[in-house]
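Notes follow once the structure below has been shown.
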Amino acid sequence: VVGVKINGCGAVWLVLSWPVTMEINLLIDEEITGSPGEDWFERVAGEVLVAEWLDETTEVGLVVTGQERMRELNLVHRGIDEATDVLSFPMVEELADAEDDQELRPLFVGPPDGIRHLGEVIISYPQAEKQAAEEGHSARRETAILVVHGILHLLGYGHGEGVAADDEARMKSREGE
């Protein structure tokens, strides 16, 4: 972040200098063809992290895989024997708001390297292509939606059964930005 601008209406704009140096660990399975490249994934993930006020001490892992591997992961971790579009595996169980500096911080002491390891986001690229066709937009756009969705889960956003309506609305709002 190079600076912050506040316009006459009070809106806050971040002035970014790319590339933002956050640690984005990306693995695209060899079987995957046609997906966006490494730079694209790093940029999308970096934009989400910056929008959530995280900095260069943040690390996230992204894995782009196929339907069978996603089905296996979904079965092992959620007990559902079918592929899904995105899974998130947070490294930090819960994040708390630090009232004094308005920064999200882990509830426990972090690792000695000072890097905030958020976790892993797994995306099924074939599922993204399928959903893109159903929604009438590009696979690239659908994949970006899934990256945003997955990272928001790592940051504690939620939806679905057992999640308060206002928390679900908060996630939908962030996804739309």
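Nearest heavy-atom pair across H153 and S88 is CB-OG, 3.5 Å. Contact detail for H149 and V86: the closest heavy-atom pair is CD2-CG1, 3.7 Å. Across all non-hydrogen atoms, the minimal contact from L118 to L154 is O-CD2, 3.9 Å. A pairwise comparison of heavy atoms in I123 and T143 identifies CD1-O, 4.4 Å as the closest pair.
Taking the side chain as every heavy atom from C-beta outward, V121 and I151 approach each other to under 4.5 Å. Side-chain contact between R71 and D81: present, with at least one pair of heavy atoms (C-beta onward) separated by less than 4.5 Å. A 4.5 Å side-chain heavy-atom check between L27 and L62 finds every atom pair outside the cut-off.
Under a hydrophobic clustering in which Ile, Leu, Val, Met, Phe, Trp and Tyr are joined whenever their side-chain heavy atoms come within less than 4.5 Å, directly or via other members, V63 and L49 fall into different clusters. Cluster annotation: I122 and L152 are assigned to distinct hydrophobic clusters (Ile/Leu/Val/Met/Phe/Trp/Tyr, side-chain heavy-atom contacts under 4.5 Å, transitive). Under the 4.5 Å side-chain heavy-atom criterion for grouping Ile, Leu, Val, Met, Phe, Trp and Tyr, L146 is connected to I28 within one hydrophobic cluster. With hydrophobic clusters built from ILVMFWY side chains whose heavy atoms lie under 4.5 angstrom apart, I24 shares a cluster with V148.
Annotation: the span from L73 atom CG to T65 atom OG1 amounts to 7.0 Å, rounded to 0.5 Å. Separation of atoms OG (S35) and CZ (F41) is listed at 5.0 Å; rounding is to 0.5 Å. Between the CD atom of E59 and the CG atom of N25 there is a distance of 4.5 Å, given to the nearest 0.5 Å.
Within the structure, salt bridge (Lys or Arg N to Asp or Glu O under 4.0 Å) contacts touching residues 27-39 (residues at least two apart or in different chains) are D29-R69.
Within the hydrophobic cluster formed by Ile, Leu, Val, Met, Phe, Trp and Tyr side chains joined at under 4.5 Å, directly or through other members, I80 stands alone, with no partner residue. Hydrophobic clustering, defined by side-chain heavy atoms of Ile, Leu, Val, Met, Phe, Trp and Tyr closer than 4.5 Å, leaves V76 isolated from every other such residue.
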Please set out all donor-acceptor pairs under 3.5 angstrom arising from side-chain atoms of residues 124-135, sequence neighbours excluded.
from: S124; atom 1: OG; to: Q67; atom 2: OE1; distance (Å): 2.4
from: S124; atom 1: OG; to: Q127; atom 2: N; distance (Å): 3.3
from: Y125; atom 1: OH; to: G34; atom 2: O; distance (Å): 3.1
from: Q127; atom 1: OE1; to: Q67; atom 2: NE2; distance (Å): 2.9
from: Q127; atom 1: NE2; to: Q131; atom 2: OE1; distance (Å): 3.2
from: Q131; atom 1: NE2; to: D85; atom 2: OD2; distance (Å): 3.2
from: Q131; atom 1: NE2; to: E142; atom 2: OE2; distance (Å): 2.8

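Remark: H77 pairs with F89 by the ring-ring contact (aromatic ring centres under 6.0 Å, His included) rule, at least two apart or across chains. Residues that satisfy the side-chain contact (heavy atoms from CB on, under 4.5 Å) test with T84, not counting sequence neighbours, are M70, N74, R78, L87.
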